[in-house]
Amino acid sequence: MPELAPYAVSGANSKGRRHAEEPPSQRNEFQRDRDRIVHSTAFRRLEYKTQVFVNHEGDLFRTRLTHSLEVAQIARAIARALRLNEDLVEAISLAHDLGHTPFGHAGQDALNDCMRGNGGFEHNLQSLRIVDLLEERYAEFDGLNLCFETREGIVKHCSLENARQLGEIGERFLNRTQPSLEAQICNFADEIAYNNHDIDDGLRSGLISLDQLQDVSLFARYEADLRSAYPNLGGRRLIHETIRRMINVLVCDLIAMTAINLARQKPKDLAEARLGVPLIAFSDELREAQREMKRFLHKHLYQHFQVLRMTSKARRIINDLYLAFVTDPRMLPLQYQSDGDQPRRVADYIAGMTDRYAMKEHRRLFAVGEF
Ligand code: MG
């Protein structure tokens, strides 16, 4: 691995852990964070949570687990090329979706509506709550006791009101400074991963078509190149060859544009890299191409009537569960019953559910003849 750039996060400039621990003997601190995340309960549940498609729809679609692995792969490639901390981006990527509710964004929006008046619900903050508090694995502390830079990377965005309650993690939102370059990379890797895999899953499910994708200029360009280079190519291979070119051009553009920004700004250390505008960036052309992909997916996939039916069902399930438990907390498993902030504990319980567990719990509570 290349030597880290002076503005990379490293063991030497890290703000460390909340509870002091002996340094690991055969790993660095960020490898240790990654390993703790991989062994957590919340990480295993990602296998049965979805972003767009409900999990039982088919075995070939992305889950939050495979999404997180794709994000980690993309983030590591970018970090290594820029001599940034590959272990840290891997840790952040694998943890970035831990706080998601079942049923993707529909679930998060529904739970946020339920929690209005009780502090709301935000998946970034829930991810932080999981790694700081909810995981029960260690004798001496709650949560996973991750390094500041991993925790900072997990909180991609948050309201100023919430930022005020996050202590050191919230400061950058109040001071308007940037997170580490590694954290910025993970945000881009997340977008590159989901835009591309949602196109792939959208095609596979038949909800979007190759014809419609002619509106996405990157897709149309690579598909046309491929058709002229391989006139007989079709089906899955044509789609995969197109998508891998899109991922590649986005990753290469991000690396090239960021290298230009770094050469221009010349941050001498991590502290300087946090000032001013974000240094990790696409060129104008690829930023627009990425926006175009997003607009396309919103219009043709996320608003597709079949997806909206699932979204509506998901909202109903989350609403029903929340209302039932808040109305009578005695129906909750004992560890979620609380003398303190009961709505927050209901939200913890619901957010921790996988898609199929939420459906099962809903049947247990509402279906006559189910227990
Ligand atoms: Mg994500």
Side-chain angles (χ1 to χ4, degrees), residues 50-53 57-82 86 89-90 93 97 104 185-260 280-307:
T50 43
Q51 288 195 130
V52 180
F53 298 91
E57 293 283 310
D59 290 343
L60 298 174
F61 301 118
R62 267 68 170 189
T63 65
R64 286 210 182 268
L65 180 63
T66 58
H67 162 71
S68 300
L69 296 175
E70 290 181 28
V71 175
Q73 177 272 315
I74 291 169
R76 285 178 51 186
I78 298 166
R80 189 183 293 203
L82 294 167
E86 203 175 323
V89 299
E90 189 178 16
S93 301
D97 271 355
I185 286 176
C186 294
N187 296 340
F188 281 95
D190 189 19
E191 283 185 35
I192 294 172
Y194 68 67
N195 282 326
N196 283 285
H197 65 53
D198 285 354
I199 288 181
D200 188 26
D201 284 350
L203 284 167
R204 192 189 297 274
S205 63
L207 298 184
I208 56 177
S209 67
L210 284 175
D211 243 16
Q212 289 175 316
L213 273 163
Q214 298 312 307
D215 292 348
V216 175
S217 48
L218 266 191
F219 192 97
R221 185 203 310 167
Y222 288 122
E223 197 206 350
D225 287 356
L226 280 158
R227 283 192 192 276
S228 66
Y230 303 96
N232 297 321
L233 195 67
R236 301 297 316 160
R237 285 180 206 248
L238 177 66
I239 294 167
H240 285 146
E241 286 282 2
T242 307
I243 288 177
R244 82 184 180 95
R245 281 165 174 74
M246 294 202 295
I247 295 176
N248 189 60
V249 73
L250 289 163
V251 167
C252 292
D253 180 85
L254 192 75
I255 293 167
M257 194 63 221
T258 301
I260 292 171
I280 308 284
F282 284 123
S283 65
D284 291 344
E285 188 199 342
L286 271 287
R287 186 188 312 121
E288 185 43 41
Q290 169 104 337
R291 283 196 189 135
E292 188 187 51
M293 287 167 82
K294 247 189 214 179
R295 281 195 301 269
F296 175 88
L297 286 165
H298 268 281
K299 183 167 166 202
H300 296 287
L301 185 61
Y302 309 146
Q303 306 289 329
H304 190 286
F305 80 94
Q306 275 176 277
V307 173

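Positions are given from 1 along the sequence. Owing to the predicted nature of the structure, the values given are computational and were not obtained by experimental measurement.
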Inset, instruction - Measure the spacing between CD of Glu70 and NE2 of His197 and express it to the nearest 0.5 Å. - result: 5.5 Å
Legend entry - Over 12 foreign heavy atoms within 6.0 Å of CD, Gln303: yes
Legend entry - Within-4.5 Å side-chain heavy-atom neighbours: Leu218 and Arg245: no
Legend entry - Set of ring-ring contact (aromatic ring centres under 6.0 Å, His included) partners for Tyr194, sequence neighbours left out: none
Inset, instruction - For residues Ala189 and Ile74, report the shortest heavy-atom separation together with the two atoms involved. - result: CB-CG2, 3.7 Å
Inset, instruction - Report the C-alpha separation of Phe282 and Thr258 in whole Å, then their side-chain angles, then the decisive distance to 0.1 Å, and conclude whether the side chain to side chain contact (heavy atoms under 4.5 Å, CB included) test is met. - result: CA-CA 7 Å; Phe282 284 123; Thr258 301; over 6 Å; no
Legend entry - Residues Ser68 and Asp97: side-chain donor-acceptor under 3.5 angstrom: no
Inset, instruction - Over all heavy atoms of both residues, which pair between Met293 and Leu250 is shortest? Give the atoms and the distance, please. - result: SD-CD1, 4.4 Å
Inset, instruction - For Ser93 and Cys186, indicate whether the former's side chain and the latter's backbone hold a donor-acceptor pair under 3.5 Å. - result: no
Inset, instruction - List for me each residue that meets ring-ring contact (aromatic ring centres under 6.0 Å, His included) alongside His300, sequence neighbours excluded, and say none if there are none. - result: Phe296
Legend entry - Flag side-chain contact, heavy atom, 4.5 Å: Lys294 against Glu191: yes
Legend entry - Donor-acceptor contact below 3.5 Å, side chain Asn196 vs main chain Ile192: yes
Legend entry - Minimum side-chain heavy-atom gap Asn248-Cys252 below 4.5 Å: yes
Legend entry - Nearest atoms (heavy-atom pairs only) where Arg64 meets Gly104: NH2-CA, 3.5 Å
Inset, instruction - Could you tell me which non-hydrogen atom of Val71 sits nearest to which non-hydrogen atom of Ala193, and how far apart they are? - result: CG2-CB, 3.8 Å
Legend entry - Residues in salt bridge (Lys or Arg N to Asp or Glu O under 4.0 Å) contact with Asp284, at least two apart in sequence or another chain: Arg287
Legend entry - Spatial distance of atom CE (Met246) from atom CD (Gln290) [nearest 0.5 Å]: 10.0 Å
Legend entry - Ile280 CD1 to Ile78 CD1 distance, which is reported to the nearest 0.5 Å: 8.0 Å
Legend entry - Note: Glu90-Arg80 ion pair, threshold 4.0 Å (strictly below): no
Inset, instruction - Grab the two heavy atoms, one from Ile185 and one from Ala79, that are nearest each other, plus how far apart they are. - result: CD1-CA, 3.9 Å
Legend entry - Heavy-atom side-chain contact between Leu210 and Phe219 under 4.5 Å: yes
Inset, instruction - Check whether any side-chain heavy atom of Val249 lies under 4.5 Å from a side-chain heavy atom of Tyr222, and answer yes or no. - result: yes
Using atom types as modelled, flag every donor-acceptor pair under 3.5 Å from a side chain in residues 230-237 to any protein atom, sequence neighbours excluded.
| residue | atom | partner | partner atom | Å |
| --- | --- | --- | --- | --- |
| Arg236 | NH2 | Asp200 | OD1 | 2.7 |
| Arg236 | NH2 | His240 | NE2 | 3.3 |

Legend entry - Pairs satisfying salt bridge (charged side-chain N to carboxylate O under 4.0 Å, His left out), at least one member in residues 295-306, at least two apart: Glu288-Arg295
Inset, instruction - Please list, chain by chain and in numerical order, all residues satisfying side chain to side chain donor-acceptor pair (under 3.5 Å) with Arg244, sequence neighbours excluded. - result: Glu241
Inset, instruction - Working to the nearest 0.5 Å, report the span between OG1 of Thr242 and CD of Glu223. - result: 5.5 Å
Legend entry - N/O donor-acceptor pair under 3.5 Å between Thr66 side chain and Arg62 backbone: no
Legend entry - Rounded distance (nearest 0.5 Å) linking atom CG of Leu297 with atom NE2 of His304: 12.5 Å
Inset, instruction - To the nearest 0.5 Å, tell me how far Leu203 CG sits from Ile239 CD1. - result: 4.5 Å
